[in-house]
Amino acid sequence: MREDFDKTIRIPVVTDLVRAGDAAIVEQVKNPYARQQRRQVFEQRLKERIDELKSATGQDEYSGLARAHAIRSEGNQQAATPTHGSRIDPSVEKHIDKARDDLIRELSGMLPP
């Protein structure tokens with residue numbers, strides 16, 4: 001009898017390895033309506049967080065226009081009255097704008113389709 005047990009091939013079954021979970025959580029995961037609702041809540045929270053970050057850093061949709069206007073008017077003032085003050089290098093500003101756009105694109109990419 002002992003020899004028969006040693007020769008038997010035993011295959012583990014998934015139910016041997018996994019314990020049943022919380023029934024409410026399992027139902028929530030299986031329910032497609034609940035999944036869609038969670039996705040929408042996640043998207044909304046992510047969009048709100050992006051808006052908060054934009055607002056905190058002054059990167060909202062109007063700040064770019066305001067900055068462009070300020071740069072043009074500053075350029076017009078400097079052209080009218082030549083001074084020997086420091087000027088922001090346009091390549092530095094382009095680099096900052098590109099980094100901001102890349103960050104927004106990356107965060108937007110995190111949104112589920």
Side-chain angles (χ1 to χ4, degrees):
M1 175 109 178
R2 176 76 176 158
E3 293 173 11
D4 289 341
F5 183 73
D6 290 338
K7 293 179 186 175
T8 304
I9 298 174
R10 302 185 72 201
I11 300 173
V13 181
V14 174
T15 56
D16 295 339
L17 304 174
V18 179
R19 292 187 201 154
D22 186 359
I25 293 175
V26 171
E27 180 61 31
Q28 185 181 21
V29 169
K30 288 183 179 180
N31 185 351
Y33 177 73
R35 288 174 58 191
Q36 182 180 11
Q37 192 174 22
R38 280 195 320 274
R39 181 179 295 137
Q40 289 174 347
V41 168
F42 172 79
E43 286 180 21
Q44 184 62 31
R45 287 182 182 168
L46 182 59
K47 287 176 182 178
E48 289 172 0
R49 183 65 179 139
I50 290 171
D51 290 341
E52 286 175 17
L53 291 172
K54 283 181 183 179
S55 176
T57 59
Q59 301 294 334
D60 59 359
E61 60 187 85
Y62 299 109
S63 67
L65 296 174
R67 184 171 65 232
H69 176 72
I71 290 170
R72 277 196 291 279
S73 65
E74 184 178 304
N76 291 339
Q77 288 175 354
Q78 287 181 354
T81 58
T83 60
H84 299 289
S86 64
R87 237 181 139 194
I88 297 175
D89 185 10
S91 64
V92 172
E93 188 152 344
K94 285 181 183 178
H95 175 73
I96 291 170
D97 288 343
K98 183 182 179 312
R100 182 193 74 233
D101 292 340
D102 290 345
L103 178 63
I104 291 171
R105 194 173 305 111
E106 181 181 341
L107 290 172
S108 297
M110 292 172 61
L111 291 172

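For Glu93, the side chain to side chain contact (heavy atoms under 4.5 Å, CB included) test picks out Arg67, Ile71, Ile88, Asp97, with sequence neighbours left out. Residues meeting the salt bridge (charged side-chain N to carboxylate O under 4.0 Å, His left out) test with Arg49, sequence neighbours left out: Glu52.
Residue Arg35 qualifies as open at atom CZ: its count of foreign heavy atoms under 6.0 Å is 12 or below.
In this structure, the separation between NE2 on His95 and CG on Asp89 is 11.5 Å, given to the nearest 0.5 Å.
Between the side chains of Gln44 and Glu48, at least one donor N or O lies within less than 3.5 Å of an accepting N or O.
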List, one per line, each side-chain donor-acceptor pair under 3.5 Å for residues 103-111, sequence neighbours excluded.
residue, atom, partner, partner atom, Å
Arg105, NH1, Asp102, OD1, 2.9
Ser108, OG, Ile104, O, 2.9

